[in-house]
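Here is the structure we will look at, set down as structure tokens.
Only a predicted model underlies this, so the values are computations on that prediction, with no experimental measurement involved.
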Amino acid sequence: MQKPLPRPIAAALATVLAGSLAACSFEPPLRVPQAPLDKTPYTAAARIKQTVAPGGGPAGQAQEMEYGKELHEEWWKLFHAKALDELIAVGLKNSPTIAQAQAQLREAQATAKVNGSIFYPQITGNLQANRSKASAAAFGRSGGFHYSLITGSVGVTYYPDIFGVNRLVYRNSEALVKYQQWELEAARLTLTGNIVTTAIDEAATEGQLRATVAIIAQEKKLLQLTESQYRAGAIGYVSVVNQRSQLATEMATLPPLKQQLAIYRHELAILVGNFPANARRQSFTLEELQLPEKLPISLPSQLLKQRPDIRAALAQMRAANAMIGEARAQFYPTVQLSAAFGATATHPGLFFNPVSSIWSLVGALSQPIFEGGKLEAQKAEAHAAYDVVYASYRNTVLSAFDQVANALRAVEHDAQTLAAQREAFLAATQALQLAQASYRAGASDYLTLLTSEVQYDHARIAEIKAESQRYQDTAALLVALGGGWWNKPGHRAPPTAGVPQNSHSDAGTLPVTQANP
């Protein structure tokens, strides 16, 4: 007969076995699309290094692309506009969108703490005092008797994480906390981007409004000149009517511009957490902005680490991956250990007497046997949910690269457009000056002057729009690259999104790799 193992050896083997079971996890390797190579361009066309220089004003500088350079920690400060910096500071402090994202993060953190408590024994104290009257009829006697019973105990319950279910639940909670952290960062980036673009829209509309007012003043002078020439008999009355029509047409463009300006100011008020009635009244002009001459462009592999929306989507994948492990672990037993120690006595003086002590030890094991296909369906549901967030992650990545590619080309083409618009405006200005001088001297007819006026008006408005679009697309590029949040004090450089290891194959645009969860 084989001798039993000595107790120390048996205990050691039991410990090793329990540790092996505890190390068991049903969570599959995390699949993430592989990051593109740094030599991969954002667009199919040749990599742009520098834009043309349209010339004239703060928006007329050439812009140089610095690939691989770090973004500014507060990207909007690259425009060197004090009024814009103040707006964003107020917005980050007062925006209800930011407050909502912060509250959601606190909620996720609290949920993670709740789920983390399962790793520790649950200790409960109980104290009960009872005064009762019992009937003596059962003993063949009449009447009854009174008695007191005092019971106190301390109970301990513990769920050993043999198959890692508790760790998977907590890992899911941790991933959701990360998700909310990135959602908060994305909310900040979106808010700052919206404030900048809305402020630029306001400045552009203000510029168009000022240009239109100047054009109307010029049209009024031309009307006075036309009326004088008509009274002198130099021209016909139809020229006066045409000039009045031109003046009325220009004046009709003022109300829509004022309305659009009011809308942008109201939007800015909402973005910074104020009511529209508290919208800022002072003018915000394009001249206050300075176009960044050097644009730091992140390498493609870095973009995945810098975009908050991509990091949030990755956190969702980690949470869904943990849910697959939870669904798999449901097929295996769950163990519950309970212990209680206390005392029960009929008199307080006997409560601490050793004869009044009570105790219990309970070990429970639960194993699913038949649940009508429920567990298989839950596992299939978890896999399908992961496929959903996996596809969402790929879509987020592709959208991010699309935004960067579009913004890069927009910055290049905006410079070309502004250069052409400025050339057109200069030509229109010279043509109008010549036409006015010729008209005053009687050397040309009114139709020539009217044509020059229309060309000048259109050229001036088009130049303002081209300047605004150049600022807008520059801001859009900086936002698309992630905004530089990781360079703020207290932040570390964005960690890697995963260790590329070949795993499953995929027929989509991006190859598939694994990342250690």
Side-chain angles (χ1 to χ4, degrees), residues 2 4-31 108-126 153-179 315-342 359-386 389 499 501 503-504 514-517:
Q2 187 177 2
L5 292 173
R7 286 189 177 182
I9 298 178
L13 290 177
T15 302
V16 172
L17 177 60
S20 300
L21 290 174
C24 176
S25 176
F26 296 96
E27 183 179 14
L30 183 69
R31 294 182 297 130
Q109 290 171 334
T111 301
K113 288 183 179 180
V114 171
N115 292 334
S117 65
I118 195 66
F119 294 109
Y120 302 95
Q122 310 299 306
I123 303 176
T124 304
N126 180 54
S153 65
V154 175
V156 180
T157 303
Y158 181 61
Y159 297 87
D161 196 20
I162 297 177
F163 296 101
V165 177
N166 298 341
R167 284 181 289 119
L168 289 169
V169 172
Y170 185 68
R171 183 169 293 178
N172 176 281
S173 301
E174 281 187 316
L176 293 179
V177 169
K178 289 292 184 183
Y179 169 76
Q316 284 185 310
M317 289 175 62
R318 294 186 186 278
N321 205 54
M323 291 294 293
I324 294 177
E326 289 182 48
R328 289 179 175 180
Q330 295 302 320
F331 287 87
Y332 293 85
T334 57
V335 177
Q336 177 183 351
L337 302 178
S338 301
F341 175 80
W359 60 269
S360 67
L361 294 175
V362 179
L365 183 144
S366 175
Q367 168 63 54
I369 297 176
F370 176 75
E371 297 192 8
K374 173 185 173 182
L375 299 181
E376 287 289 349
Q378 287 178 338
K379 187 173 71 170
E381 179 186 20
H383 279 281
Y386 182 85
V389 295
V499 180
Q501 296 174 354
S503 177
H504 308 280
Q514 285 189 119
N516 294 328

Can you give me the closest heavy-atom contact between [X] and [Y], atom names plus distance?
X      : Y      : value
Pro28  : Gly325 : CD-N, 4.3 Å
Gln330 : Pro368 : O-CG, 3.3 Å
Val156 : Pro121 : CG1-CB, 3.8 Å
Ala108 : Val177 : O-CG2, 3.3 Å
Val389 : Ala320 : CG2-CB, 3.6 Å
Ala322 : Leu168 : CB-O, 3.6 Å

To the nearest 0.5 angstrom, please state how far the [atom1] atom of [X] sits from the [atom2] atom of [Y].
X      : Y      : atom1 : atom2 : answer
Leu176 : Asn115 : CG    : CG    : 9.0 Å
Asn321 : Glu326 : CG    : CD    : 11.0 Å
Phe370 : Leu375 : CZ    : CG    : 10.5 Å
Leu337 : Thr157 : CG    : OG1   : 9.0 Å

State, with a plain yes or no, whether a side-chain heavy atom of [X] is found less than 4.5 Å away from one of [Y].
X      : Y      : answer
Asn126 : Thr124 : no
Arg171 : Glu27  : yes
Phe119 : Asp161 : yes
Tyr159 : Ile118 : yes

Review point. Quick one: side-chain hydrogen bond (donor to acceptor under 3.5 Å, both in side chains) pairs with a partner in residues 361-378, sequence neighbours left out?
Key: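 Residue pairs with at least one partner in residues 361-378: there are none.
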Check your understanding: With sequence neighbours left out, what residues match Tyr386 under ring pair (Phe, Tyr, Trp, His ring centres under 6.0 Å)?
Key ->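 Checked Tyr386 against ring pair (Phe, Tyr, Trp, His ring centres under 6.0 Å); zero matches.
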Review point. If you count the non-hydrogen atoms of other residues, nucleotides and ligands that lie under 6.0 Å from CE in Met317, is the total more than 12?
Key: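 Counting neighbours around CE of Met317, more than 12 heavy atoms of other residues, nucleotides or ligands fall under 6.0 Å, so yes.
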Exercise for review: Start with the C-alpha distance between Phe26 and Phe331, add both sets of side-chain angles, then the distance that settles ring pair (Phe, Tyr, Trp, His ring centres under 6.0 Å), and finish with yes or no.
Suggested key: CA-CA 11 Å; Phe26 296 96; Phe331 287 87; 9.0 Å; no
